[in-house]
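The block underneath contains the structure these notes are about, expressed in structure tokens.
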Amino acid sequence: MEWNLVLRLCVAGLCGALIGLDREYRVKDAGFRTHFLVALGSALMMVVSQYGFADSLQQTGMGVDPSRIAAQVVSGIGFIGAGTIIIHRQLVRGLTTAASLWATAGIGLAAGAHLYLLAGIATLLTLFGLEALSLFFGRLGQRRLVLVLSSESRKALDRVLTNLPTDDFSLLSYEIETLHEPQNLIFRATMVLRSRKATATDHYVTTLRTDPEIMIEQMF
């Protein structure tokens, strides 16, 4: 019986690690270790809720609802998921990672409940949603891009802003700050763009890289 419970934890950890490897490949904050621990912890809580109170059940008039701890896992995982969501200048990041953590918790609960087939299929479907759907539908809709540019010339940054919006881009917001360096002033612009085509985004970034007065510090 104990080895059967250990197997449940191993299956849950393996499924979580597989999903986490995808997030690690995408350079997300919550990688394979986080997803492994979420799935493992969820399975452990499910096992404890099912078998951890066996001694209490032997007493007359005592009853245990195994679903209560599982329900708390579903609501409690939201705290970890919320920690991966970042809102920066009208751009929301981390929603997919938060959703994958939520799904991983469910997979861990399924493995802890001895539903191995369901946990395995849910893992495959989660990976399908993270990778395959982005390949099929990644070119649909509009995209948001945050560019952090710096230059020693304020006119160079104004020139970049003047050329926007175009048919392919629209400027949602921007902010320019002045950095006082020991020898000169550095002007840094943070722009939030909305593009219609992925190819247009690549072409625009390539054009900026060829400008000797502009340096791209960050892009996400």
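These figures come from a predicted structure and were not determined experimentally.
- The hydrophobic side chain of Leu124 is isolated, with no ILVMFWY side chain under 4.5 Å apart from it.
- Pairing each heavy atom of Cys15 with each of Ala119, the nearest pair is SG-O, 4.2 Å.
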Next on the checklist: Set out, in order, the CA-CA distance, both residues' side-chain angles and the distance that settles salt bridge (charged side-chain N to carboxylate O under 4.0 Å, His left out) for Arg159 and Glu213, then state yes or no.
Outcome noted: CA-CA 11 Å; Arg159 171 167 45 82; Glu213 295 183 299; 3.1 Å; yes
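- A chain of hydrophobic side-chain contacts below 4.5 Å, direct or via other Ile, Leu, Val, Met, Phe, Trp or Tyr residues, connects Trp102 to Met45.
- Leu125 and Leu109 are not part of a single hydrophobic cluster, where members link through side-chain heavy atoms under 4.5 Å apart.
- The cluster map of Ile, Leu, Val, Met, Phe, Trp and Tyr, joined by side-chain heavy atoms under 4.5 Å apart, puts Leu18 and Val11 in different clusters.
- Within the structure, the ring-ring contact (aromatic ring centres under 6.0 Å, His included) test picks out no pair touching residues 31-50 (sequence neighbours left out).
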Next on the checklist: With side-chain contact (heavy atoms from CB on, under 4.5 Å) as the criterion, how do Leu14 and Thr123 come out once you've worked through the C-alpha distance, each side chain's angles and the decisive distance to 0.1 Å?
Outcome noted: CA-CA 10 Å; Leu14 177 61; Thr123 301; over 6 Å; no
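- Taken from CE in Met191 to CG in Leu157, the straight-line distance is 8.5 Å, to the nearest 0.5 Å.
- For the pair Glu152/Leu185, no side-chain contact is recorded, criterion being any heavy-atom separation below 4.5 Å from C-beta on.
- In this structure, the separation between CG on Leu115 and CE on Met46 is 8.0 Å, given to the nearest 0.5 Å.
- A pairwise comparison of heavy atoms in Ile77 and Val38 identifies CD1-CG1, 3.6 Å as the closest pair.
- Contact detail for Thr126 and Ala103: the closest heavy-atom pair is OG1-CB, 4.1 Å.
- The OG1 atom of Thr206 sits 13.0 Å away from the CG atom of Asp211 when rounded to the nearest 0.5 Å.
- Atoms SG and CG, from Cys10 and Leu40 in turn, are 8.5 Å apart once rounded to the nearest 0.5 Å.
- Salt-bridge annotation for Glu24 and Arg33: absent, with no side-chain N of the basic residue lying under 4.0 Å from a carboxylate O of the acidic one.
- A side-chain donor-acceptor contact under 3.5 Å links Ser150 and Glu217.
- One hydrophobic cluster, built from ILVMFWY side chains closer than 4.5 Å, cannot hold both Val148 and Met215; they sit in different ones.
- The backbone N or O of Phe187 lies less than 3.5 Å from no partner atom in the side chain of Thr178, so there is not a single donor-acceptor pair.
- Across every non-hydrogen atom of Gly16 and Ala39, the tightest pair is CA-CB, 3.8 Å.
- Annotation: side-chain hydrogen bond (donor to acceptor under 3.5 Å, both in side chains) contacts of Arg209 (sequence neighbours excluded): none.
- Scanning both residues, Gly112 and Val47, for their nearest heavy atoms gives O-CG2, 3.7 Å.
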Item to check | Stepwise side-chain contact (heavy atoms from CB on, under 4.5 Å) test for Arg188 and Ile176 | outcome: CA-CA 6 Å; Arg188 177 182 294 165; Ile176 298 180; over 6 Å; no
Item to check | Worked verdict on Leu44 versus Arg8 for side-chain contact (heavy atoms from CB on, under 4.5 Å) | outcome: CA-CA 8 Å; Leu44 178 61; Arg8 300 185 188 190; over 6 Å; no
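- The CG atom of Leu149 sits 6.0 Å away from atom CD1 of Ile214, with the distance rounded to the nearest 0.5 Å.
- In the hydrophobic clustering of this structure, Val205 groups with Val160; members are Ile, Leu, Val, Met, Phe, Trp, Tyr whose side-chain heavy atoms approach within less than 4.5 Å, directly or through other members.
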Next on the checklist: Would Leu101 and Arg23 count as a side-chain contact (heavy atoms from CB on, under 4.5 Å) here? Give the steps.
Outcome noted: CA-CA 10 Å; Leu101 285 171; Arg23 297 290 85 192; over 6 Å; no
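- Atoms CG and CG, from Asn4 and Leu9 in turn, are 10.0 Å apart once rounded to the nearest 0.5 Å.
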